[in-house]
Amino acid sequence: MNPSSLPLKILEQKPPVILPSLLLCDFANLQREAERLEMAGFQALHLDVMDGVFVPNLSYGLSVVKSLRRVTKLPLDVHLMIANPAQYIGAFREAGADIITFHAEATSDHAGVLEQIRRSGAGAGIVLNPGTPVADVAAVIELCDLVLVMSVQAGFGGQSFRPDVLAKFSELRALAASKPDLILEIDGGINMGTMKPACDAGAQWLVVGSGIFAHSDYAAAHQNLLAAAK
Ligand code: DX5
Ligand code: ZN
């Protein structure tokens with residue numbers, strides 16, 4: 001399948017692109033939160049699905065993705081932190097996911113799950129926890145629209161950024177030499193202080209949770225983060 005056949009504009013957006021992680025949003029006012037983020041200029045939403053098995057934390061699942069799909073046109077980037085991703089790809093796509101990523105540590109069938117995501121019509125990506133080397137996904141780079149590098153151990157928002165993961169970006173870029181449109185995403189501990197090192201290392205999409213939701217003015221937080229990248 002040709003990766004550039006994906007109809008998502010977000011995949012062509014000039015970096016850096018900041019994706020709010022909704023883990024810390026006001027779930028009693030999900031529609032309002034989506035509207036506020038849209039008004040603040042964000043181009044996509046990052047949704048963290050945790051099952052209490054693959055990670056020692058529970059967040060939300062299909063019904064929240066489905067509800068958000070009803071109230072926003074923004075692309076939904078769904079980060080699956082679940083033990084058996086293959087079992088749920090179809091359901092998350094049906095719920096409204098535009099991009100689906102799963103953890104390299106969660107399954108040995110990387111190619112099978114990536115192909116399943118691609119067949120569903122969603123953008124496909126694989127996620128590396130800090131301890132997982134780039135070599136573990138080298139064989140499936142061609143099947144990825146994006147690779148998500150975790151800069152904290154997956155499971156909780158509000159953790160401290162791990163600069164040691166930044167070396168993975170040049171490794172991934174070198175691995176994907178024949179695939180210049182591969183998007184490199186980073187997730188965990190991104191804030192005013194870590195934006196620039198992450199962007200300088202090669203991160204193009206930056207997931208931000210507490211760095212946005214700790215502020216009442218999402219537009220100002222967005223602008224400040226973009227300015228901090230320079
Ligand atoms: C961690 C999640 C992240 C996280 C980001 O498992 O994937 O998206 O919530 O939150 P901050 O920016 O607070 O690290
Ligand atoms: Zn995430």
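Worth saying up front: this structure is predicted, and the values here are computed from it rather than measured. First listed ligand is number 1; within each ligand, the first listed atom is number 1.
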- Message: Tell me whether Met150 reaches ligand 1 (any heavy atom closer than 4.0 angstrom to a ligand atom).
- Response: yes

- Query: Would Ser178 and Glu142 count as having a side-chain donor-acceptor pair, cut-off 3.5 Å?
  - Reply: yes

- Message: Within the 3.5 Å criterion, strictly below it, is a donor on Asn224 or His222 matched to an acceptor on the partner's side chain?
- Response: no

- Query: Quick one: are the ring centres of Phe27 and Tyr60 less than 6.0 Å apart?
  - Reply: yes

- Among protein heavy atoms, which lies nearest atom 9 (O) of ligand 1, and at what distance? Leu23 CD2, 3.1 Å

- Query: Under 3.5 Å, is there a donor-acceptor pair between the Asp48 and Ser59 side chains?
  - Reply: no

- Pick whichever of Gly155, Ser160, Gly209, Gly157 has a heavy atom sitting closest to atom 6 (O) of ligand 1. Gly155

- Are Asp145 and Lys179 close enough for a salt bridge, meaning some N to O gap below 4.0 Å? no

- Item | Numbered atoms and elements of ligand 1 in range of Val207, under 4.0 angstrom, heavy atoms | 8 (O)

- Query: In Asp48, which N, O or S atom comes closest to the Zn ion (ligand 2)?
  - Reply: OD1

- Note on the structure: Met50 heavy atoms within 4.0 Å reach ligand 1 at atoms 6 (O)

- Message: Could you tell me, atom by atom, which parts of ligand 1 come under 4.0 Å of a heavy atom of Ser21?
- Response: 8 (O), 9 (O)

- For ligand 1, which atoms sit closer than 4.0 Å to a heavy atom of Ala154? 6 (O)

- Checking side chain to side chain contact (heavy atoms under 4.5 Å, CB included) against Ile117, which of Ile100, Ile99, Leu143, Leu80 comes through? Ile100

- Can you find a side-chain donor-acceptor pair between Thr132 and Asn129 that sits under 3.5 Å? no

- Message: My understanding is that only one of Val147, Leu206, Thr194 makes a side chain to side chain contact (heavy atoms under 4.5 Å, CB included) with Ile186; could you say which?
- Response: Leu206

- Message: Can you name the atoms of ligand 1, numbered from 1 with element, that are less than 4.0 Å from a heavy atom of His46?
- Response: 8 (O)

- Query: Within less than 4.0 angstrom of ligand 1, does Gly211 place any heavy atom?
  - Reply: no

- Which of the ligand 1 atoms, numbered from 1, are nearer than 4.0 Å to a heavy atom of Gly188: 14 (O)

- Protein heavy-atom partner closest to atom 1 (C) of ligand 1 - residue, atom, separation in Å: Phe156 O, 3.6 Å

- Evaluate ring pair (Phe, Tyr, Trp, His ring centres under 6.0 Å) for Phe213 paired with Tyr218, printing each intermediate quantity in order. CA-CA 7 Å; Phe213 290 95; Tyr218 297 165; 5.3 Å; yes

- Candidate list Glu33, Glu35, Glu38, Gln31, test side chain to side chain donor-acceptor pair (under 3.5 Å), partner Thr72, passing option: Glu38

- So which of Asp187, Val152, Leu47 gets nearest to atom 5 (C) of ligand 1, if we judge by its closest heavy atom? Asp187

- Can you name the N, O or S atom of His79 that is closest to the Zn ion (ligand 2)? ND1

- Note on the structure: closest protein heavy atom to atom 13 (O) of ligand 1 is Ser210 OG, 2.4 Å

- Task: Decide whether an N or O pair under 3.5 Å exists between Gly189 and ligand 1.
- Result: yes

- With the Zn ion (ligand 2) as the point of reference, which N/O/S atom of Asp187 is the closest? OD2

- N/O separation below 3.5 Å, His79 to ligand 1: yes

